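So the structure is just underneath, and the comments pick up after that.
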There are 2 protein chains.
Amino acid sequence: MRSEMGGARASFGLRLLQLARLWRQAVDAEIQKTIFPDSGWRVLVWLSRTGEKLRQKDLAAIMAIEGPSLVRLLDNLDKAGLVRRELDTGDRRARRLVLTPAGREAALAIEARLTAVEAELLAGFSDEELAACSALLGRLDQRLQARRGGAG
Amino acid sequence: MRSEMGGARASFGLRLLQLARLWRQAVDAEIQKTIFPDSGWRVLVWLSRTGEKLRQKDLAAIMAIEGPSLVRLLDNLDKAGLVRRELDTGDRRARRLVLTPAGREAALAIEARLTAVEAELLAGFSDEELAACSALLGRLDQRLQARRGGAG
DNA sequence: TAGGAACAGATACCGTGCGAACTATCCCGC
DNA sequence: GCGGGATAGTTCGCACGGTATCTGTTCCTA
């Protein structure tokens, strides 16, 4: 592999994939061992952050996962009493997702732990370089989402 | 604290996870529909890039996956006649991984397509910002790998 | 040199993501 | 109003990641 600038371009994708897996392992380990011994805590975080009665379709879109992937997560959270699927008064096909009090409490604890872990993982990086990198990733994200929906 | 910069810090992990999934979907779709209708093409790329008779343990380490995860990929590639597991003359526990001629050919085709797709996805980003971002991700990668192996 | 720890790889099983196919409901045109 | 296409959610089976455990081999040491 070349070590010039082109190298960053060539190995960017593989680096991204490995990094995401490692990041997920690290964060999951922290959250699951300290607070919430189940996956699907990401659903709680998103629901807590948006704070609205989302429909499943919208939550799936926000989380950038597919409907069926979300269903199983919600089944578990529902069984655990953390999330309820309320009926939508206007559309009997749809469900409105709401956190139960226990779910809201769990979400807050997870958010706190998540913030701590991520801060630890990102310690030593300057705000400026993180913001620049995050902006680049954000643009890439938009491009990929557009590509997924629109023409390939 | 600096709330505008803190945003990048707080959402960095979630962004990373979503982005990696989207990236993988985009690249997998391109590779699988044009060249190689199976996953595990990443194994071919790595074997082709290192070019040596790696042991499975070493390849797993390079790819940052676990041994058992690699075994299944190799089973498929072996069945497809793209990779062979040769006996190590010095250590009868170990296997040396080699690409068959068909495997080498497939790897080259995949590399070419991969380069094209990634170039397309990264078009519009400057070499400088990509290098900076990639360097940051690389440091983060090292930190996560160390964390996984060593103390939490 | 016999015995046990360490190690490479394989196997079995679980979690999480996906797409395809299905059900129930909505909406649009007639 | 009603038949057909679109939409929200579910179910099912597949792919790929992981851990725990097993087998065979090596290596170290008493």
Side-chain angles (χ1 to χ4, degrees), chain A residues 14 17-29 31-33 36-43 53-80 83-97 148 152, chain B residues 17-29 31-33 36-43 53-80 83-97 144 148-149:
Chain A
L14 290 171
L17 297 181
Q18 291 192 359
L19 190 53
R21 211 159 12 80
L22 293 170
W23 180 282
R24 173 177 207 134
Q25 287 169 12
V27 173
D28 270 12
I31 300 290
Q32 292 180 16
K33 89 179 175 199
F36 192 58
D38 185 352
S39 185
W41 56 265
R42 253 169 275 271
V43 171
K53 296 189 172 184
L54 289 172
R55 293 191 302 185
Q56 294 186 201
K57 161 122 193 184
D58 296 328
L59 178 56
I62 289 174
M63 296 179 65
I65 63 178
E66 298 302 315
S69 306
L70 181 57
V71 167
R72 199 181 324 110
L73 297 176
L74 289 174
D75 286 345
N76 296 336
L77 293 172
D78 196 343
K79 259 180 288 192
V83 166
R84 280 204 325 272
R85 282 185 259 215
E86 295 187 344
L87 294 176
D88 185 316
T89 53
D91 187 341
R92 294 202 299 164
R93 295 171 303 179
R95 300 281 185 276
R96 294 288 176 173
L97 300 173
R148 185 166 75 154
Chain B
L17 297 181
Q18 294 189 0
L19 191 53
R21 245 199 337 275
L22 292 171
W23 180 282
R24 172 175 210 137
Q25 287 169 12
V27 173
D28 271 11
I31 299 290
Q32 292 179 17
K33 89 179 174 197
F36 191 58
D38 186 351
S39 187
W41 56 265
R42 254 169 276 271
V43 171
K53 296 189 171 184
L54 289 172
R55 292 191 303 187
Q56 293 185 201
K57 160 121 193 191
D58 296 328
L59 178 57
I62 289 174
M63 295 179 64
I65 63 177
E66 299 302 316
S69 305
L70 182 58
V71 167
R72 198 183 328 106
L73 297 176
L74 288 174
D75 287 345
N76 296 336
L77 293 171
D78 197 343
K79 260 180 287 192
V83 167
R84 280 204 324 271
R85 283 184 258 214
E86 295 187 346
L87 294 176
D88 186 316
T89 53
D91 187 341
R92 294 202 298 167
R93 294 172 301 182
R95 301 280 185 277
R96 294 288 177 173
L97 300 173
L144 285 166
R148 185 166 75 154

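Keep in mind that the numbers below use all heavy atoms, side chains included, and drop hydrogens, waters and symmetry copies. In what follows, chains are A, B, ... by sequence order, proteins preceding strands, each numbered from 1. What you see is a predicted model, and the numbers here were worked out from it, not measured in a lab.
Rounded to whole angstrom, the span from the NZ atom of K79(B) across to the C1' atom of dA15(D) amounts to 13 Å. Taking atom CG of D75(B) as the reference point, atom P of dA15(D) lies 13 Å away to the nearest angstrom. Atom NZ of K53(A) and atom C1' of dA8(D) are 18 Å apart (whole Å). Rounded to a whole Å, the CG atom of L87(A) is 15 Å from the P atom of dA24(C). Distance CH2 (W23(B)) to C1' (dC18(C)): 20 Å, rounded to an integer number of Å. One atom, CD of Q56(A), and another, P of dG9(D), lie 5 Å apart when rounded to the nearest Å. The NZ atom of K57(A) sits 13 Å away from the P atom of dA6(D) (whole-angstrom rounding). Atom-to-atom, CD of E86(B) to C1' of dG9(C) comes out at 16 Å; the value is rounded to the nearest Å.
When the side-chain nitrogen and oxygen atoms of R95(A) are compared with OP1 and OP2 of dT10(D), none of them lie within a distance under 4.0 Å. Applying the 4.0 Å criterion to OP1 and OP2 of dG17(D), one finds that Q25(A) has every side-chain N and O outside that range. OP1 or OP2 of dT10(D) has at least one side-chain nitrogen or oxygen of R85(A) nearer than 4.0 Å.
Residues E86(A) and K53(A) form a side-chain contact, since some pair of their non-hydrogen atoms from C-beta on lies under 4.5 Å apart. For the pair D75(A)/R85(A), a side-chain contact is recorded, criterion being any heavy-atom separation below 4.5 Å from C-beta on. Within the 4.5 Å cutoff, the side chain of Q56(B) has heavy atoms near those of the L74(B) side chain.
When heavy atoms are screened at a 4.0 angstrom cut-off, R96(B) is found touching no nucleic acid atom at all. Counting any heavy atom pair closer than 4.0 Å across all strands shown, D91(B) reaches sugar-phosphate atoms only and no base atom. Using a 4.0 Å heavy-atom cutoff across all strands shown, R42(A) reaches no nucleic acid atom at all.
Positionally, the nearest nucleotide of DNA chain C for L70(A) lies more toward the 5' end than for the other of L70(A) and R92(A). Positionally, the nearest nucleotide of DNA chain D for R55(A) lies more toward the 5' end than for the other of R55(A) and R72(A).
Residue V71(B) places its side chain closer to dT11(C) than to any other of dG18(D), dT10(D), dT11(C). The nucleotide whose nearest atom lies closest to any side-chain atom of A94(B) is, among dG9(D), dA8(C), dG17(D), dA8(C). Here dT26(D) is the nucleotide among dT26(D), dG19(C), dG9(D) with the atom lying nearest to any side-chain atom of R93(B).
The main-chain N or O of L17(A) is never found under 3.5 Å from a side-chain atom of R24(B) such that the two would form a donor-acceptor pair. A donor-acceptor pair is defined here as one N or O able to donate and one able to accept, closer than 3.5 Å; no such pair exists between the side chain of R93(A) and the backbone of D88(A).
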